Amino acid sequence: MSKPRKAGVAALRALLCCGLLLLALAAGLSAEPSPGSRAGNAAEDAAPVELATSPCTQAQLDAWWAALRRQTVAGGDHLALPAELLPPAASAAWQPLAMPDVRARPGAAVATPEGGYEMRWYRLHVPPGGNEALALYLPRLDTLPAAVLARSGSGWRLLLDNQPAEREQWLHPLWLTLPASAETGLELVVALPVAVGRHFSVSRIWIGPRDELEMRWLWRTRVQVGLPQAVSLLLAVLFVFALSLWARRPGEGLYGLFAVAAAAWLVRNLHYYVSPPASAWAQDWFWWATNASMAWVMLTAQLFALRFASLRARWLEQVLFISVLIVSVFSMPLWLRQVDMVVLQHAATAIVATVGTAWLGWLAWRERRTELRLMALAMIAAVMLGFHDLAVLAGWAWPEHVFLLPFATLIVTLSFLWAIQRRYVGTVEQFQAANSQLQEDLEEQVSVLQAQNAQLREAERQQALLLERQRIMADMHDGLGSSLLSALVAMEQGSMSHEQCVEVLRECVDDLRLVIDSLEPVGHDLVSLLATMRYRLGKRLQSGGLQLEWDVQDLPPLPWLEPPDALHVLRLMQEALNNVLKHAQASRVRMVTRHHGSHVEIRVEDDGAGFDLQNIRHGRGLKSQLKRAQRLGGKLRIDSAPGMGTRLSLRLPVERKAEA
């Protein structure tokens with residue numbers, strides 16, 4: 001098994017263990033535990049309860065609530081109410097009752113009771129004696145506002161009026177610190193008005209030591225209220241995070257579904273951190289939004305999980321979407337305001353969730369993807385906990401359990417986050433693998449290009465050598481070869497004297513030395529090149545009776561000065577000096593160099609007889625010199641007049657353009 005697969009299996013097992021632990025914790029918290037472990041503790045078992053009922057009208061119920069409010073504000077020892085609105089005095093009216101006391105909720109009930117109301121009186125007895133402070137604890141209460149009365153002498157006094165907390169009474173457990181019991185004990189009555197024929201749920205009632213019951217009350221409040229609020233905070237953060245990702249990458253519908261699912265779950269948990277509105281109209285819409293959002297939570301969660309499957313049944317997704325839409329629209333408090341459809345609404349949601357989760361589970365089993373399997377298990381757990389909450393809501397079973405869907409929120413959210421993390425890591429690994437492959441391909445291409453460049457450089461070197469050989473051969477053929485051949489023919493014909501032959505041979509040797517000197521590396525230094533020529537030709541000039549004046553200044557390097565160009569410069573200077581030696585009848589020759597910014601100048605000046613430029617303007621030698629200067633990218637100028645000597649000036653650019 002590969003390492004990534006082993007890591008995925010290990011992560012799957014770890015998350016499954018966490019999910020099972022959460023489920024076990026939720027199941028343990030949903031059942032009411034015993035608050036103490038000491039034998040004979042008064043709070044070990046729920047207090048025995050007796051029940052009496054009495055009918056009442058809407059007007060009597062309003063009078064009852066008004067009297068409770070007056071008593072809360074004004075105070076007093078006794079509750080001023082007619083006898084029919086007080087607990088029955090006859091012993092025959094009271095019957096023992098096994099708690100909890102629940103009436104199941106029908107699928108679709110009439111919201112406005114047609115049969116009126118009834119007052120349900122739950123009587124408890126606190127034994128006399130004891131200095132320990134006592135409290136009353138009622139974990140779950142789903143009725144109209146509760147009140148707690150205590151018999152004081154011949155009348156009843158009010159201990160608790162729960163009207164201010166009416167809208168949260170179903171969620172928050174009831175807690176009351178009891179007054180000290182008299183020598184005869186204390187008689188308590190929990191008064192709970194309910195609508196005739198309507199659902200109500202009253203859990204067991206505990207009376208015991210205040211410290212121990214307070215711990216239980218605080219624990220249940222944290223689990224039943226605090227945990228959903230913390231989950232809602234987590235969902236709000238995830239909603240903002242997913243929405244920001246979706247805004248940056250609109251094409252990633254996965255983040256959009258996650259954001260919608262988180263938003264729908266926030267609406268579902270709205271009653272945990274927002275009090276329902278006071279008006280009946282607003283309250284109907286409030287409860288519709290919280291109940292209808294559960295269907296959208298399940299739908300978006302399933303669509304999110306299905307994005308990780310390769311096989312998608314779009315027709316089934318459309319059917320689920322249409323079903324949820326129909327249930328949401330049909331249950332709106334617009335046309336059925338008098339009908340309580342909570343059970344029917346949640347039952348339809350459970351059916352839709354079961355169908356979608358079954359399809360998701362089958363895909364997870366078929367495709368064997370770790371992320372899909374984990375999300376399928378989380379969705380199955382959420383559906384099971386949803387059925388549990390439906391049974392609690394409808395009063396079919398477990399009336400004292402807490403709602404467990406907040407735990408399902410944690411499980412499903414963890415599975416979704418893990419799936420997103422695995423997808424992100426997988427994408428990063430794919431990019432890394434692709435980058436590694438590209439790097440290998442690039443290195444291979446670089447190696448190939450380097451080899452090709454090496455071959456190209458070698459071919460260029462061989463080509464340069466070949467061209468240099470051809471140039472040297474051409475120069476030697478045109479210069480040295482032609483001179484030697486002419487001398488040889490003349491000697492064979494007897495038309496050349498010994499001195500002439502020596503002169504020709506000396507010129508050939510000088511020419512050969514120039515070719516050799518042009519091949520020497522001069523580092524683009526024109527002065528060094530001229531110094532070499534001076535060394536080669538100095539003796540010959542001296543033997544010819546010429547005094548050489550060397551007025552050579554430093555010149556900047558010429559980047560373009562390569563061996564072929566150096567040979568052209570040397571031939572120009574050699575021919576100029578030969579002309580002075582042979583024809584000028586001069587006694588002095590001066591070599592001058594100057595730097596004029598963008599160009600340099602080489603001058604050869606003599607004090608000879610001079611000549612008329614018109615007579616040589618079309619001469620072959622001058623044309624050859626002009627052509628060499630043009631190849632160098634420079635300019636050649638000759639100034640001379642009879643009796644005034646001759647000056648040859650060669651101007652060369654410091655930076656030569658490529659086309660030159």
Side-chain angles (χ1 to χ4, degrees), residues 12 15-27 29-30 107 227-228 231 235 257-258 260-262 264-269 290-309 312-313 316-317 319-328 331 342-367 369 371-394 396-398 401-419:
L12 176 61
L15 287 174
L16 284 177
C17 291
C18 293
L20 291 176
L21 287 175
L22 286 173
L23 289 174
L25 178 62
L29 292 173
S30 63
L227 178 63
V231 171
L235 291 173
L257 284 174
F258 193 93
V260 173
W265 226 316
L266 279 172
V267 176
R268 169 59 188 166
N269 292 344
T290 57
N291 292 322
S293 60
M294 191 65 239
W296 293 101
V297 167
M298 298 302 296
L299 176 64
T300 52
Q302 289 169 356
L303 293 179
F304 176 89
L306 288 173
R307 288 297 183 98
F308 289 84
R312 292 182 59 188
L316 180 60
E317 296 177 9
V319 168
L320 294 176
F321 174 80
I322 294 173
S323 302
V324 171
L325 184 63
I326 291 175
V327 171
S328 300
S331 59
V342 175
V343 175
L344 187 61
Q345 186 179 13
H346 282 275
T349 299
I351 294 173
V352 173
T354 302
V355 173
T357 303
W359 171 250
L360 178 63
W362 182 82
L363 287 179
W365 176 82
R366 178 178 178 271
E367 297 188 9
R369 294 189 178 184
E371 297 89 345
L372 200 59
R373 287 183 173 184
L374 182 61
M375 289 187 289
L377 289 174
M379 293 298 297
I380 291 172
V383 171
M384 294 174 64
L385 295 183
F387 275 108
H388 167 273
D389 286 3
L390 177 60
V392 174
L393 178 69
W396 298 337
W398 311 301
H401 283 197
V402 299
F403 291 107
L404 299 181
L405 272 177
F407 296 94
T409 306
L410 286 176
I411 298 172
V412 173
T413 303
L414 285 176
S415 67
F416 284 6
L417 291 177
W418 191 81

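Predicted, not measured: the structure shown is a model, and the values here were computed from it.
For the atom pair OG1 of Thr409 and CG of Leu266, the computed distance is 10.0 Å after rounding to the nearest 0.5 Å. Expressed to the nearest 0.5 Å, how far CG of Leu405 lies from CG of Leu410 amounts to 11.5 Å. Separating the NE2 atom in His346 from the CE atom in Met294 is a distance of 8.5 Å, to the nearest 0.5 Å. Atom CG in Leu377 sits 10.0 Å away from atom CG in Leu372 (nearest 0.5 Å). In this structure, CD1 on Ile411 lies 12.0 Å from CD1 on Ile380, to the nearest 0.5 angstrom. Taking CG of Leu417 as the start and CG of Leu414 as the end, the distance is 6.5 Å to the nearest 0.5 Å.
Annotation: side chain of Trp265 is in contact with side chain of Val412 (closest heavy-atom distance under 4.5 Å). Residues Met379 and Met298 have side chains in contact (heavy-atom distance under 4.5 Å, counting atoms from C-beta outward). Between Val324 and Thr349 the shortest side-chain heavy-atom distance does not fall below 4.5 Å. Between Leu320 and Leu303, the closest side-chain pair of non-hydrogen atoms is not below 4.5 Å. A 4.5 Å side-chain heavy-atom check between Thr354 and Phe387 finds at least one atom pair inside the cut-off. You'll find the side chain of Leu393 reaches within 4.5 Å of the side chain of Phe403, heavy atoms only. Side-chain contact between Trp359 and Leu306 is present, with at least one heavy-atom pair separated by less than 4.5 Å.
Gly356 approaches Gln302 most closely through the heavy-atom pair CA-OE1, 3.5 Å. Taking every heavy atom of both residues into account, Ala394 and Val343 meet most closely at CB-CG2, 3.8 Å. Listed here is the closest heavy atom pair of Pro406 and Pro228: CG-CG, 3.7 Å.
Distance alone, capped at 3.5 Å, is enough to place a donor-acceptor pair between the Arg369 side chain and the Phe308 backbone. At least one donor-acceptor pair under 3.5 Å links the side chain of Ser293 to the backbone N or O of Thr290. Remark: side-chain polar atoms of Gln345 are not paired, donor with acceptor, to backbone N or O of Val327 under 3.5 angstrom.
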- Evaluate side-chain contact (heavy atoms from CB on, under 4.5 Å) for Leu227 paired with Phe407, printing each intermediate quantity in order. CA-CA 9 Å; Leu227 178 63; Phe407 296 94; 3.3 Å; yes

- Item | Full working for ring pair (Phe, Tyr, Trp, His ring centres under 6.0 Å) between Trp362 and Trp365 | CA-CA 5 Å; Trp362 182 82; Trp365 176 82; 7.4 Å; no

- Message: The test is side-chain contact (heavy atoms from CB on, under 4.5 Å); show your working for Glu367 and Arg373 and say whether it passes.
- Response: CA-CA 9 Å; Glu367 297 188 9; Arg373 287 183 173 184; over 6 Å; no

- Query: When you look at Leu299 and Val352, which way does the side-chain contact (heavy atoms from CB on, under 4.5 Å) test go after all the steps?
  - Reply: CA-CA 8 Å; Leu299 176 64; Val352 173; 5.6 Å; no

- Task: Apply side-chain contact (heavy atoms from CB on, under 4.5 Å) to the pair Leu316 and Val355, showing each step before the final yes or no.
- Result: CA-CA 9 Å; Leu316 180 60; Val355 173; 4.3 Å; yes

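Classification of the His388-His401 ring pair by plane angle, with boundaries at 30° and 60°, yields parallel.
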